[in-house]
Amino acid sequence: MHTLVLFLGIVVVSFSGIMIKASTASANAISFFRVFFAFLCYLCAMKARMVKYRIKEELLFSISGFFLAMHFYFWIQSFSHTTLAGAVVPLMLQPFVTSVLAAYIYHERLNLRQILSTVLVIIGVVQMTVLDARSSLSFSKGDLLSVIGVLFVCGFLLIGRYMIPRVGTIVFNFRSYSVATVILFLLSSDKVFSRFSPRDWLLFIGLGVGCSFFGYVMINNSLKHFPTGVVSMALVGEPVLSILWSWMIFAESATTAQYVGLVLSLIGIVWFFSSLRQRT
C-alpha cells in the first residue's frame with residue numbers, strides 16, 4: 001500500500017512540467033501561484049491549531065521553505081531556456097545528492113556500487129549541459145538553472161526526512177509552503193498582479209492543488225516508511241514520465257545530449273536501485 005501511494009504521487013507530479021510548458025505566464029508568476037495555491041490547500045488541511053515549536057524546529061521550517069522557494073524559482077525558470085527534457089533530466093540527480101548527504105547527516109551507508117552509479121549520473125547531466133552549450137547557450141543556461149533547482153529540492157527533502165516523522169506531513173508542508181509563499185511573492189510581486197487567461201489560472205491551480213498538494217503529500221508521507229534515498233529514487237520516475245508526456249502531447253523532441261544524459265542516468269538509477277534491493 002505504501003508503495004502504491006508513492007507511485008501515484010510520482011504520476012501526479014510528472015504532469016507539472018507539461019503544465020508549466022503549457023502556461024503563457026511568466027516563470028515568476030507560475031512559481032508564486034503554484035506555491036500559493038498549495039499553501040491554501042495545506043492551510044485547509046490543518047486540523048490542529050498552530051503550535052509554537054522550539055527554535056531548532058522553527059529554524060528548520062524556515063530553511064526548508066527557503067529551499068522550496070529557490071527550487072521552484074530556478075527550476076521553473078529553466079523551462080524558458082531549454083526543452084522539457086533539458087529541464088527535467090537534471091531531476092535525476094536528486095536521489096544521488098540526497099543519498100550522499102543522508103549518508104553524512106543520518107549515517108546511511110553507501111557502498112561502492114552506489115558511489116559509482118552516482119558518478120555515472122553526474123557524468124550524464126554534466127555532458128548534457130556542456131554539449132548543449134555547444135549547440136545553444138540558451139539550452140545550457142536552462143540545464144544549469146534546472147541543476148541549481150534540483151540542489152535546493154534535495155535540501156528540502158533532507159529536512160523533511162528529519163521533520164516529518166516528528167511533526168507530520170501536513171504540518172511540515174504547511175510551514176514550508178508558508179515561508180516559500182512569502183519569499184516568492186517578494187521575488188515576483190511585479191508579476192503576480194498581471195492579468196492571466198482562464199487557462200493559466202487552471203494551470204496554476206493544477207500545479208498547486210494537484211502536483212504540490214496531492215502529489216507531494218503522497219511523496220512526503222512516504223518518507224515515514226522509506227529511507228530518503230529510496231523516495232528520491234522513486235522521484236526519478238517524474239522526469240521519465242514527463243518526457244513521455246511531452247512527446248505524446250507536444251511532440252517535443254530532446255537534443256542528442258539530453259537523450260544521452262537520460263540513458264546514462266537511467267543506467268545509473270538501475271545500478272543504484274539494485275544495490276538497495278540487495279541490502280534489503
How many angstroms lie between [atom1] in [X] and [atom2] in [Y], if you round to the nearest 0.5 Å?
X    : Y    : atom1 : atom2 : answer
F72  : R34  : CZ    : CZ    : 4.0 Å
I170 : L43  : CD1   : CG    : 11.0 Å
I18  : L203 : CD1   : CG    : 11.0 Å
L207 : F15  : CG    : CZ    : 12.5 Å
I20  : F204 : CD1   : CZ    : 11.0 Å
L145 : I76  : CG    : CD1   : 12.0 Å

Take atom [atom1] in [X]; do more than 12 heavy atoms of anything else shown fall under 6.0 Å from it?
X    : atom1 : result
I55  : CD1   : no
F7   : CZ    : no
F196 : CZ    : yes

Same apolar cluster (I L V M F W Y, side chains within < 4.5 Å links), L202/I30
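Different hydrophobic clusters.
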Would you say L157 ends up clustered with L59 if hydrophobic residues are merged whenever their side chains have heavy atoms under 4.5 Å apart, either directly or through other cluster members?
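Yes, because L59 and L157 connect within a single hydrophobic cluster, where side-chain heavy atoms sit under 4.5 Å apart.
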Where does the angle between the aromatic ring planes of W75 and H71 fall among parallel (under 30°), tilted (30 to 60°) and perpendicular (over 60°)?
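Parallel.
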Kindly indicate whether the side chain of [X], heavy atoms from C-beta on, has any atom under 4.5 Å from the side chain of [Y].
X    : Y    : result
M70  : I183 : yes
V12  : L8   : no
F37  : W201 : yes
S176 : M163 : no
Y177 : F36  : no
V179 : F61  : no
L68  : Y216 : no
V217 : Y42  : yes

Backbone N/O of [Y] and side chain of [X]: donor-acceptor pair under 3.5 Å:
X    : Y    : result
N173 : F213 : no
S14  : V11  : yes
S23  : M19  : no
S178 : R175 : yes

Looking at every heavy atom in both [X] and [Y], which two are closest together, and how far apart are they?
X    : Y    : answer
G155 : F67  : C-CD1, 3.4 Å
L84  : I243 : CD2-N, 4.1 Å
N28  : L187 : ND2-O, 3.7 Å
V209 : C41  : CG2-SG, 3.6 Å
V88  : S242 : CG1-CB, 4.1 Å
Y162 : K56  : OH-NZ, 2.9 Å

Do Y73 and F152 have ring centroids that are under 6.0 Å from one another?
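Not close enough - the centres of the two rings lie 6.0 Å or further apart.
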Could you tell me whether F172 and F156 have their ring centroids closer than 6.0 angstrom?
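Yes - the distance between ring centres of F172 and F156 falls below the 6.0 Å cut-off.
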